[in-house]
Amino acid sequence: MEKITIVEEEQIPSNAILINCLPDVGLVGAIASSYLVEKLEMNYSGYLDSILFPPIIVLHKERPLSPVRIYTKGDLVVVLSEIPLPLDALRHLATKIVKWAEEKSVKTVITFGGIPVPNRIDIEKPKVYGIGATEEDREFLRKNNVKLLKEGFMAGYYALLLKERMKKKGSCIALLAESHLQYPDPGAAVSVLEVFSKIYDVKVDLGPLIEQSEEYRIKLKELMKRTLETFRHAQKSYEYTPPLTYV
Amino acid sequence: MSYEFFEAIRRLKKEVDEFMDYLERRFTEEIMGDHAVECIEPLAEIREYPDKYVVIIDLPCVRRREDINVKLTEDTIIIEAQMYRKVEIYDLMSNVKRTEFSSYRKSIRLPQPIDPKKATATFKKGMLILMLPKKSYGHEIRVE
């Protein structure tokens with residue numbers, strides 16, 4: 001029996017681009033995906049539920065909602081989580097999302113995230129790197145001048161998602177910006193969205209995100225604290241380690 | 001004997017109650033900050049090196065160095081800072097009320113004593129960075 005259920009309340013388009021983000025390093029993916037949903041005025045289209053998720057609902061405009069939700073607009077689908085999910089849930093979630101993506105003939109699965117860099121404070125404009133699951137993905141990134149990550153570890157949900165998608169030989173791209181590890185990093189989210197907007201030709205006004213970045217940092221500090229607690233179990237410290245083949 | 005038994009139970013209950021009060025206070029203060037003085041606890045990170053601690057504190061909406069106050073003892077740091085404007089945050093307890101915060105306060109206890117006189121502080125892009133040399137970090141010995 002599957003431990004995660006996807007409830008579609010509206011029609012989910014086929015052949016879409018699926019963006020899937022969870023709270024992670026610097027909350028880059030969480031900030032970028034929720035900003036995209038808001039600015040593109042995407043429609044609430046369903047939610048995910050599981051006995052492995054924490055017993056939490058979110059209230060938005062008086063309406064109780066699952067913290068893991070689906071939004072759609074045109075050929076864009078966003079699946080985001082407003083809370084960090086327990087490690088036990090992540091593997092099941094990655095498998096379920098990849099299976100669902102196949103059923104919906106999703107063109108590509110995209111994740112936004114951060115690469116923790118200790119000198120982030122000295123970086124004015126965070127660079128964005130890409131990881132592609134297939135050779136076509138990597139070629140697509142190269143053509144669009146997105147530098148590919150050559151060596152290193154990736155840990156946590158995004159690693160699982162890439163791995164599951166690779167098993168199915170499906171397209172999957174991770175766009176990762178240099179970011180703070182322990183602090184919400186709206187600046188890194190801006191960098192990721194700039195690259196996404198350019199390579200997928202999705203127009204999104206990033207002005208308000210830049211202007212309100214300090215407010216984002218304050219308002220998301222509790223979510224950041226809770227996300228950090230989950231890092232210990234997700235082996236995130238590996239992301240600072242050079243891999244064996246690099247020696 | 002019976003009096004001593006009940007007295008021990010009473011003491012234990014008092015200690016548990018006090019601990020629960022402490023946890024509740026700590027939880028609400030950490031999550032919500034201190035409403036009475038519109039104060040919130042900032043995110044902070046302590047990096048330990050053999051000879052020093054580097055403490056980084058995120059202080060968004062603080063503009064000027066003059067608005068930051070750092071007090072050091074050998075094992076404690078107290079940081080207070082004033083935001084340039086109030087920031088509204090949802091009150092998680094009531095889920096309806098919004099609360100405004102205008103300052104930060106954080107107290108950090110260090111595992112090893114530092115030399116406060118040699119400490120330095122810089123403020124960059126809304127982040128306070130404290131370099132805190134350890135008071136002593138062992139003795140060098142000659143390898144024979």
Side-chain angles (χ1 to χ4, degrees), chain A residues 23 25-27 31 54 56-65 67 82-83 114 116-126 178-190 209-229 231-232 236-237 240, chain B residues 26-33 38-49 54-64 67 81-106 108 121-131:
Chain A
V25 173
L27 301 180
I31 297 171
I56 292 171
I57 58 153
V58 190
L59 289 165
H60 281 302
K61 294 176 184 163
E62 301 172 349
R63 185 179 177 188
L65 295 166
E82 287 199 67
I83 55 167
V117 285
N119 64 332
R120 169 67 180 96
I121 197 162
D122 300 317
I123 296 170
E124 206 59 52
K125 184 81 194 157
E178 293 173 319
S179 82
H180 290 296
L181 169 70
Q182 310 209 13
Y183 307 107
D185 198 335
V190 168
L209 180 54
I210 297 165
E211 284 153 24
Q212 292 161 22
S213 69
E214 286 189 307
E215 260 183 82
Y216 274 91
R217 276 160 65 191
I218 296 173
K219 290 179 176 174
L220 294 173
K221 81 181 188 73
E222 290 310 321
L223 178 60
M224 188 73 254
K225 260 158 90 172
R226 287 173 195 280
T227 305
L228 284 171
E229 286 163 20
F231 282 1
R232 201 156 32 94
K236 283 307 266 189
S237 56
Y240 282 116
Chain B
R26 189 167 164 75
F27 173 76
T28 50
E29 275 170 22
E30 273 199 2
I31 298 281
M32 292 311 306
E38 298 181 339
C39 191
I40 200 165
E41 188 175 338
L43 286 173
E45 177 192 356
I46 306 171
R47 295 181 192 166
E48 184 171 7
Y49 297 92
V54 177
V55 179
I56 305 166
I57 302 119
D58 194 24
L59 300 173
C61 285
V62 174
R63 284 281 187 272
R64 305 178 310 164
D67 294 331
Q82 196 65 39
M83 298 174 190
Y84 77 97
R85 64 177 173 88
K86 290 185 176 180
V87 175
E88 213 175 38
I89 299 179
Y90 271 112
D91 187 331
L92 298 182
M93 297 304 167
S94 71
N95 232 332
V96 180
K97 201 177 131 206
R98 281 162 175 256
T99 309
E100 286 184 330
F101 291 98
S102 59
S103 63
Y104 294 102
R105 190 177 197 281
K106 185 162 184 77
I108 299 168
T122 48
F123 184 57
K124 197 175 176 184
K125 294 180 190 165
M127 289 192 153
L128 178 68
I129 303 156
L130 304 176
M131 298 282 185

>> Does any part of the side chain of A:Ile218, heavy atoms only, come nearer than 4.5 Å to the side chain of B:Pro42, both counted from C-beta?
In response: no
> Measuring from A:Glu222:CD to B:Ile40:CD1, what's the distance to the nearest 0.5 Å?
Replying inline: 7.0 Å
> Between A:Lys221 and B:Asp58, does at least one N-O distance fall below 4.0 Å, as a salt bridge requires?
Replying inline: no
> So, A:Glu214 side chain and B:Pro60 main chain: donor-acceptor pair closer than 3.5 Å or not?
Replying inline: no
>> I'd like to know if B:Arg85 pairs up with A:Glu215 as an ion pair, taking the criterion as any Lys NZ or Arg NE/NH1/NH2 lying under 4.0 Å from an Asp or Glu carboxylate oxygen.
In response: yes
> What are the two closest heavy atoms between A:Lys219 and B:Glu88, and how far apart are they?
Replying inline: CE-O, 2.8 Å
>> Run B:Leu43 and A:Gln182 through side chain to side chain contact (heavy atoms under 4.5 Å, CB included) and show every step you take.
In response: CA-CA 8 Å; B:Leu43 286 173; A:Gln182 310 209 13; over 6 Å; no
> So how far is it from B:Leu59 CG to A:Tyr183 OH, rounded to the nearest 0.5 Å?
Replying inline: 9.5 Å
>> So for B:Ile129, is it side chain, backbone, both, or neither that comes closer than 4.5 Å to the heavy atoms of chain A?
In response: side chain
>> To the closest 0.5 Å, what do you measure between NE2 (A:His180) and CD (B:Glu45)?
In response: 9.5 Å
> About how many Å separate NZ of B:Lys125 and CD of A:Glu124, when rounded to the nearest 0.5 Å?
Replying inline: 4.0 Å
